[in-house]
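First the structure, in the form of structure tokens, and then the observations on it.
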Amino acid sequence: MCGIVGYIGGRDATPIIYNGLKRLEYRGYDSAGIAVLQNEQIEVRREAGKLSALGNLLQKSPIEGSLGIGHTRWATHGAPSARNAHPHVGRTGRVVVVQNGIVENFLELRDELSAEGVEFKSDTDTETIVHLVEHYLASGLNLVEAARKTFQHIQGANVVVLMSADEPDKIVTARIGNAGGVVIGFGEEEMFVASDVPAILEHTRRVVFLESRQMAVVTRNGASVETLEGSRVQPEVHVVAWDPVAAEKGAYRHFMQKEIHEQVRALTDTLAGRVDFERGKIRLPDLNLTPELAKRIDKIYITACGTAAYAGMVGKTLIEKIARVPAEVVIGSEFRYSDPIIDERTAVLAISQSGETADTLAAMEEGRRKGAVVWSIVNAIGSQAMRIADGSISMQTGPEIGVASTKAFTAPLVDQYMLAILLADLRGVLDEKTRHALVSDLRLIPDLAGRTLEREADVEKLAYALKDIKGCLYLGRGINMPIAYEGALKLKEISYIHAEGYPAGEMKHGPIALIDEEMPVLCLAPKDPWHEKMISQIQQAKARGGMVAAVATDGDELVASMADHVLWVPEAPWMLSPIITVLPLQLLAYHIAAIRGLDVDQPRNLAKSVTVE
């Protein structure tokens, strides 16, 4: 969940690290700190709260040097405080460490180190790492070997970055398991280390990603990569195409608002190079899907967490309807423990914005262990979920800074629609006329999204009407049922208003007891195969005195006559309608949160990339 930035070179490390951490604020954190080698001494500045608090501290007590590491921490061991913030320095004051993840055997290590006379100055698991490194340094090992011994000794999924005042020509880092990423950036006589690409895009686009159980020694002139066991590795250097300007809010009040509106471009980019409208064909070359494999697959598990899981629920309908392959959605954190029935005729499709979600990665590993073909739909190029998959689809949305995912929700809906068409085509279950029609519908989507987003003012009016509500019930059926879940999640995430998404047909099996004049009901009622059923749900809600707001297709006079408020959307092909119906719900959650004066981009207790269980 946390952010890491390191620098070694000829410039002052402090502003580079601080600005890099600012680009990682979207990950969520509750304290921050920087360590810089100044006059042969490690100087540390740490503060609880937002980066601005650290910035104020650095103004009062500046540090300057050409070697440093920084960190934004999300508390797992010990309360959010300056005392527990990273970086952590050992008792000699010569070694400093930052870490993402959890040291699972830290209690055991803490007892062992305490027995040797080590006095701990924090409540964190991370502090055991720096004391272990010092323990091995005291035995005569150099920094690299002491670090390697430490990496082999700690248990759990971790990313560690460390440096020493006694060996100021290097930064040592390692990725142990799936606790998040390690990105090494190559500059001119300077190098960068980060937990995510946006932190260093301002300085370089040439990067290397560490794999699990790899460590790197980074100097100002390059990096050498080895396994934790000492075998040399020749990593691939990637050239990242993202523009740092894309991470700026521009004219928008918040990143989330900007990213909601970026969906028109993101959807266009998602289609680019993959859809042949003339031939009515889909190309997904990175998925590595052959006719033989397509015909072999007789079941697909879709696994994901949070917003991505709701996208997967839409995908289940698409895959079963178009490709006629049974699909099941399993939440990533439950996948391993459900003992899923998997063999070589099974595909596991993982969906993840970051590509570093620990539970989703574990589900992918479980699928591989049982013999499945493993695919991923990922936004972060070069992330773990992309690298370990047999094939992948890139969301093509660019960086998503707001914690509440928006464009990384709609893009995988398109990706799964394209996957369903390709799978059906290769399996021979789709006639040419139907395939052409399905592919042709894709050309409508960016324009439909744009026309929907032009109606933001109408959504804002409804937001003012709902800004003081205590709860909300979201109802949907069929392919729009997951959009009810997603709409409720967005309201919970950023407005802190209790909301429930429910299958509309289940309303009378319990939730109807909640409906009164104080419980608004938001009904997804576009013109799709479930439209008449949703009309019935609106009538039932109104009969109980509920205030109904509906998402409905332009010109639907029946909905207009019954609902108290209507958010209109243009008519869309029903299988692609979730891409359109979710947009006003994203805007509604955004505007309610903004009106209430909340931190839209960084809601409390949440992080963009959940890299621990």
Tell me yes or no: between the side chains of Thr397 and Asn379, is some donor less than 3.5 Å from an acceptor?
yes
Count the heavy atoms of every other residue, nucleotide or ligand shown that sit under 6.0 Å from CZ of Arg283, and state whether that count exceeds 12.
no
Out of Val551, Thr553, Val569, Asn480, which one pairs with Ile580 under the side chain to side chain contact (heavy atoms under 4.5 Å, CB included) rule?
Val569
Arg175 side chain vs Gln214 backbone, donor-acceptor pair below 3.5 Å
no
Arg451 and Glu454 ion-paired at < 4.0 Å:
no
Side chains of Glu456 and His261, donor plus acceptor under 3.5 Å
yes
Taking the basic N atoms (NZ, or NE/NH1/NH2) and the acidic carboxylate oxygens, is any pair closer than 4.0 Å for Glu365 and Arg369?
no
Would Ser577 and Asp528 count as having a side-chain donor-acceptor pair, cut-off 3.5 Å?
no
Heavy-atom pair of closest approach, residues Val403 and Pro603
CB-CD, 3.8 Å
To the nearest 0.5 angstrom, please state how far the CZ atom of Arg477 sits from the CD atom of Glu532.
11.5 Å
Using the rule side chain to side chain contact (heavy atoms under 4.5 Å, CB included), only one of Ile322, Ile445, Val314, Ile319 pairs with Tyr417; which is it?
Ile322
Is the number of heavy atoms from other residues, nucleotides or ligands under 6.0 Å of Glu211 CD greater than 12?
yes
Atom CG in Leu583, atom OG1 in Thr406: separation rounded to 0.5 Å?
9.5 Å
Sidechain-backbone polar pair: Thr303 side chain, Ala363 backbone, donor-acceptor under 3.5 Å
no
Using atom types as modelled and distance alone, determine if a side-chain donor or acceptor of Gln416 lies under 3.5 Å from a backbone N or O of Pro412.
yes
Any side-chain heavy-atom pair of Glu259 and Ile401 under 4.5 Å
yes
For residues Leu522 and Leu588, determine if any side-chain heavy atom of one lies less than 4.5 Å from a side-chain heavy atom of the other.
yes
For a 4.5 angstrom cut-off between non-hydrogen side-chain atoms, does Leu587 reach Leu453?
yes
Any donor-acceptor pair under 3.5 Å from Ser376 side chain to Val378 backbone
no
Hey, are the side chains of Lys370 and Asp343 touching, using non-hydrogen atoms and a 4.5 Å cut-off?
no
Run the side chain to side chain contact (heavy atoms under 4.5 Å, CB included) test on Leu271 and Val414 for me, step by step, so that the C-alpha distance in whole Å, both residues' side-chain angles and the decisive distance to 0.1 Å come before the verdict.
CA-CA 8 Å; Leu271 299 174; Val414 175; 3.5 Å; yes
When you measure from the side chain of Asp601 to the backbone N and O of Phe255, does any donor-acceptor pair fall under 3.5 Å?
yes
Inspect the contact between Lys299 and Glu328 and indicate whether a charged nitrogen and a carboxylate oxygen are less than 4.0 angstrom apart.
yes
For Asp556 and His531, which I'm curious about, is there any donor-acceptor pair between the side chains at under 3.5 Å?
yes
Result of checking Ile184, Val183, Val182 against Phe209 for side chain to side chain contact (heavy atoms under 4.5 Å, CB included):
Val183
Shortest non-hydrogen pair, Pro482 vs Gly478, comes out as CD-O, 3.6 Å
Output for pair (Trp530 CH2, Ile479 CD1), nearest 0.5 Å, gives 6.0 Å
Aromatic rings His254 and Tyr590: how do their planes relate, parallel, tilted or perpendicular, breaks at 30° and 60°?
perpendicular
Which atom of Cys305 lies closest to which atom of Ser333, heavy atoms considered
SG-N, 4.3 Å
Is atom CD of Glu506 surrounded by more than 12 heavy atoms (other residues, nucleotides or ligands) closer than 6.0 Å?
yes
If every non-hydrogen atom of Glu278 is compared with every non-hydrogen atom of His436, which pair is closest and at what distance?
O-CE1, 3.4 Å
Can you find a pair of side-chain heavy atoms, one from Phe335 and one from Pro340, that are under 4.5 Å apart?
yes
Residues Asp339, Tyr337; criterion side chain to side chain contact (heavy atoms under 4.5 Å, CB included); working and verdict
CA-CA 5 Å; Asp339 192 20; Tyr337 308 107; over 6 Å; no
Any ion pair linking Glu262 and Lys407 (charged N to carboxylate O, less than 4.0 Å)?
yes
From CA spacing to verdict: side chain to side chain contact (heavy atoms under 4.5 Å, CB included), Ile388, Val374
CA-CA 8 Å; Ile388 68 175; Val374 178; 5.8 Å; no
With a 4.5 Å heavy-atom cut-off, do Ile381 and Ser394 have their side chains touching?
yes
Would Ser212 and Gln384 count as having a side-chain donor-acceptor pair, cut-off 3.5 Å?
no
With distance as the sole test, does Thr357 use its side chain to make a donor-acceptor pair with the main-chain N or O of Asp359 at under 3.5 Å?
no
Quick one: are Thr173 and Leu210 in side-chain contact, heavy atoms under 4.5 Å?
yes
Measure the CD1-CG distance between Ile421 and Leu426 for me, rounded to the nearest 0.5 Å.
12.0 Å
Examine Tyr502 together with Tyr474 and report whether their ring centres are nearer than 6.0 Å.
no
For the residue pair Thr346 and Ile300, establish whether any side-chain heavy-atom pair is separated by less than 4.5 Å.
no
Have Gln263 and Thr410 got a donor and an acceptor in their side chains that come within less than 3.5 Å?
yes
Pair Asp196 + Arg23, salt bridge at N-O below 4.0 Å:
no
Donor-acceptor contact below 3.5 Å, side chain Arg206 vs main chain His238:
no
Check whether Arg296 reaches the backbone of Glu344 with its side chain - one donor and one acceptor, N or O, closer than 3.5 Å.
yes
Glu486 bridged to Lys490 by N-O distance under 4.0 Å:
yes
Kindly say whether Asp269 contributes a backbone atom to a donor-acceptor pair with the side chain of Arg274 at under 3.5 angstrom?
no
Look up atom CG in Leu438 and atom CG in Asp425, then write down how far apart they are to the nearest 0.5 Å.
10.5 Å
Could you please spell out the steps behind the salt bridge (charged side-chain N to carboxylate O under 4.0 Å, His left out) verdict for Lys316 and Glu320?
CA-CA 6 Å; Lys316 166 186 165 64; Glu320 291 187 340; 3.0 Å; yes
Looking only at heavy atoms, the pair that brings Ala593 and Ile494 closest together is CB-O, 3.2 Å
Rounded to the nearest 0.5 Å, what's the gap from CG on Leu289 to CG on Asp390? Could you check?
11.5 Å
Side chain to side chain contact (heavy atoms under 4.5 Å, CB included) assessment of Ile297 paired with Val325
CA-CA 8 Å; Ile297 292 170; Val325 178; 4.3 Å; yes
For Gly487 and Leu585 the tightest heavy-atom approach is CA-CD1, 3.8 Å
